[in-house]
Amino acid sequence: MPELPEVETVMRGLDAVLTGKRIRRAETRRADLRFAFPPRFSARLEGQRVLGFRRRAKYMLMRLEGGESLLIHLGMSGRMVARQEGAPVVPRIGPQGAASDARGHNQPPEAHEHVVIETEDGWRIGFVDPRRFGAMDLMPTAAEEEHRLLKGLGPEPLAAEFTAAALSEKLAGKRTPIKAALLDQQVVAGLGNIYVCEALFRAGISPRRLAQSVAGARAERLVPAIKQVLEDSIGAGGSSLRDYVRADGEVGRFQDRFDVYGREGERCARCPGPPGCSGIARIVQAGRSTFYCPRTQR
DNA sequence: CTCGACTCCTGCTGGC
DNA sequence: TGCCAGCAGGAGTCGA
């Protein structure tokens with residue numbers, strides 16, 4: 001569900017609520033998410049002060065003063081639910097979950113809330129993940145990059161090192177479609193199904209094109225398109241097919257600005273529509289939907 | 001090695 | 001109106 005812009009938005013929300021605070025209590029409601037929690041998971045969180053956050057690809061890393069870091073991955077359906085003791089508004093950091101009225105009264109118990117973290121100043125952060133494709137783990141802060149989930153990740157798409165030349169090098173020899181290659185986190189880390197579709201549209205590149213043929217001028221168009229679509233979405237607070245609420249209570253609105261994702265049959269922004277073109281197409285690649293304009297993406 | 005198919009899990013929706 | 005197949009933003013594993 002969440003791709004880089006949504007993870008970045010959630011991380012900023014967590015940072016605002018948790019950084020500088022001490023964790024009073026932590027609790028797991030089941031033994032595992034995607035994989036089992038590490039030994040003494042709750043005990044290793046309790047009493048720790050949160051030093052700060054960073055994001056790597058779609059992973060969030062929360063630094064603790066004791067020298068460990070908490071890794072958080074939202075998977076497809078994960079979100080963070082934040083509430084404050086006595087506060088009327090219930091911010092949901094992530095796609096919308098169980099409803100509450102405007103004052104936060106009669107809050108139903110959140111289903112699939114697998115982890116709860118409480119701060120000493122009365123914030124309660126819940127990790128809600130119905131499909132349990134998400135994950136949490138603890139590791140030494142000094143060895144974050146050695147973690148099995150982070151080791152081997154490709155470059156951050158928003159980093160200066162992610163250039164057309166760097167991308168072309170990664171794609172050289174790849175005979176898989178460019179769509180699938182961009183979903184490979186070892187090629188570039190943080191893109192998912194939505195933003196790959198959107199970036200390829202902006203760059204005018206067919207998702208079916210062989211990855212190895214995206215070099216030269218095409219790579220020079222694709223890299224800025226990736227950066228721009230991610231920055232646009234972060235600026236809008238991320239996106240969701242459902243409502244998306246940030247820590248400040250604002251709603252992520254980038255889904256209103258999708259050019260192709262979820263728009264099968266609609267006229268694309270660059271085309272006159274029939275009879276010149278038949279609109280945005282949906283195909284299935286590697287088992288996942290791809291949306292694109294067959295006329296302008298080559 | 002590279003690539004696509006399959007798998008994990010639950011919820012929502014769209015088409016009958 | 002109601003039901004259920006199909007699909008969903010991720011990513012690891014397996015076998016060809």
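Letters A, B, ... are given to chains in the order of the sequence lines, protein chains preceding strands, and every chain is numbered from 1. Please read these numbers as outputs of a predicted model, since none were measured by experiment.
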- Message: Holding to salt bridge (charged side-chain N to carboxylate O under 4.0 Å, His left out), I want the full list of residues that pass it with Glu113(A), two or more places apart in sequence or in another chain.
- Response: Arg29(A), Arg83(A), Arg124(A)
- Results of side chain to side chain donor-acceptor pair (under 3.5 Å) for Tyr195(A) - residues two or more places apart only: Glu6(A), Ser233(A), Ser239(A)
- Item | Partners passing side chain to side chain donor-acceptor pair (under 3.5 Å) against Gln186(A) (at least two apart in sequence or in another chain) | none
For nucleotides 14-16 of chain C, tabulate all protein N/O to nucleotide N/O atom pairs closer than 3.5 Å, reporting atom names and distance.
none

- Message: Whole angstroms only, please: what is the CG-C1' distance between Leu4(A) and dG9(C)?
- Response: 13 Å
- Of the candidates dG9(C), dA11(C), dA8(C), the side chain of Tyr59(A) sits closest to dA11(C)
Set of side chain to side chain contact (heavy atoms under 4.5 Å, CB included) partners for [X], sequence neighbours left out:
X: Thr119(A); result: Leu18(A), Lys21(A), Asp121(A), Trp123(A)
X: Ala166(A); result: Thr163(A)
X: Ala57(A); result: Tyr59(A), Leu153(A), Glu156(A), Gln185(A), Ala189(A)
X: Leu51(A); result: Arg63(A), Glu65(A)

- Message: Please classify the nucleic acid contact of Leu149(A) as base, sugar-phosphate, or nothing, using heavy-atom distances under 4.0 Å.
- Response: sugar-phosphate
- Query: What is the ring orientation for Phe37(A) with Phe41(A), classed by angle as parallel under 30°, tilted 30 to 60°, or perpendicular over 60°?
  - Reply: tilted
Polar atoms only, N or O, under 3.5 Å: list the protein pairs with nucleotides 4-6 of chain C and their distances.
none

- Message: Taking only the P atom of each, what is the distance from dA11(C) to dC12(B) in whole angstrom?
- Response: 22 Å
- Query: For DNA chain B, what dot-bracket results from Watson-Crick or G-U pairs at under 3.5 Å, with [ ] for crossers and | for inter-strand partners?
  - Reply: .|||||||.|||||||
- Item | ring-ring contact (aromatic ring centres under 6.0 Å, His included) involving Phe133(A) - partner list, sequence neighbours excluded | none
- Item | Sugar-phosphate or base contact per nucleotide [nucleotides 4-10 of chain B; S, B, -; heavy atom under 4.0 Å] | S---BBB
